[in-house]
Structures are given as C-alpha cells and as structure tokens.
Asks: 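Mind looking over this structure? Questions follow.
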Amino acid sequence: MPFRTKELSRFKSRRVAERALAEIVEDGGHAADFRIEEDSSGTCVIVVLERDGGNVAGMLGA
C-alpha cells in the first residue's frame, strides 16, 4: 500500500518502526493487529488493522 500523503510522519528506518511496534506489543497490543510498511526511500509507517485483520484502521509514524 503506498503512502497516501506527504504530510504523514514516518519512521526513519524499519529498525526504528520495529522498536516502536515492540513497545506497543509489550504494552498489551496484539502483533497481528499491526504491520510495518516501507517506502522506497526506506522510511516506514506502522499500519493498524481492524480486529478482523482486513481493513486498515489507521497509521502510526514517528
């Protein structure tokens, strides 16, 4: 899924996004409710999925 807006704040690297996602899971989030998407520039966002795992509920950046 391509990033939709230039205003979307992104994580500088996949490693930084993975650390943020690890913190979310440690705080009680379910890993299956998230995925990391990387742009061709190497920046990333964390995609938040709805409970059914299909639809995108939102995105997290840094």
Asks: State, to 0.1 Å, how close Cys44 and Ser13 come at their nearest heavy-atom pair, and which atoms those are.
Replies: SG-C, 4.0 Å
Asks: Against Arg10, only a single residue in Val45, Leu60, Ile46 fulfils side chain to side chain contact (heavy atoms under 4.5 Å, CB included); can you say which?
Replies: Val45
Asks: List for me each residue that meets salt bridge (Lys or Arg N to Asp or Glu O under 4.0 Å) alongside Arg14, sequence neighbours excluded, and say none if there are none.
Replies: Glu18, Glu38
Asks: Which atom names give the shortest non-hydrogen contact between Asp33 and Arg51, and what distance separates them?
Replies: OD2-NH1, 3.1 Å
Asks: For a 4.5 angstrom cut-off between non-hydrogen side-chain atoms, does Leu21 reach Ile36?
Replies: yes
Asks: Flag the pair Leu49 / Phe34 as yes when at least one side-chain heavy-atom distance between them is below 4.5 Å, and no otherwise.
Replies: no
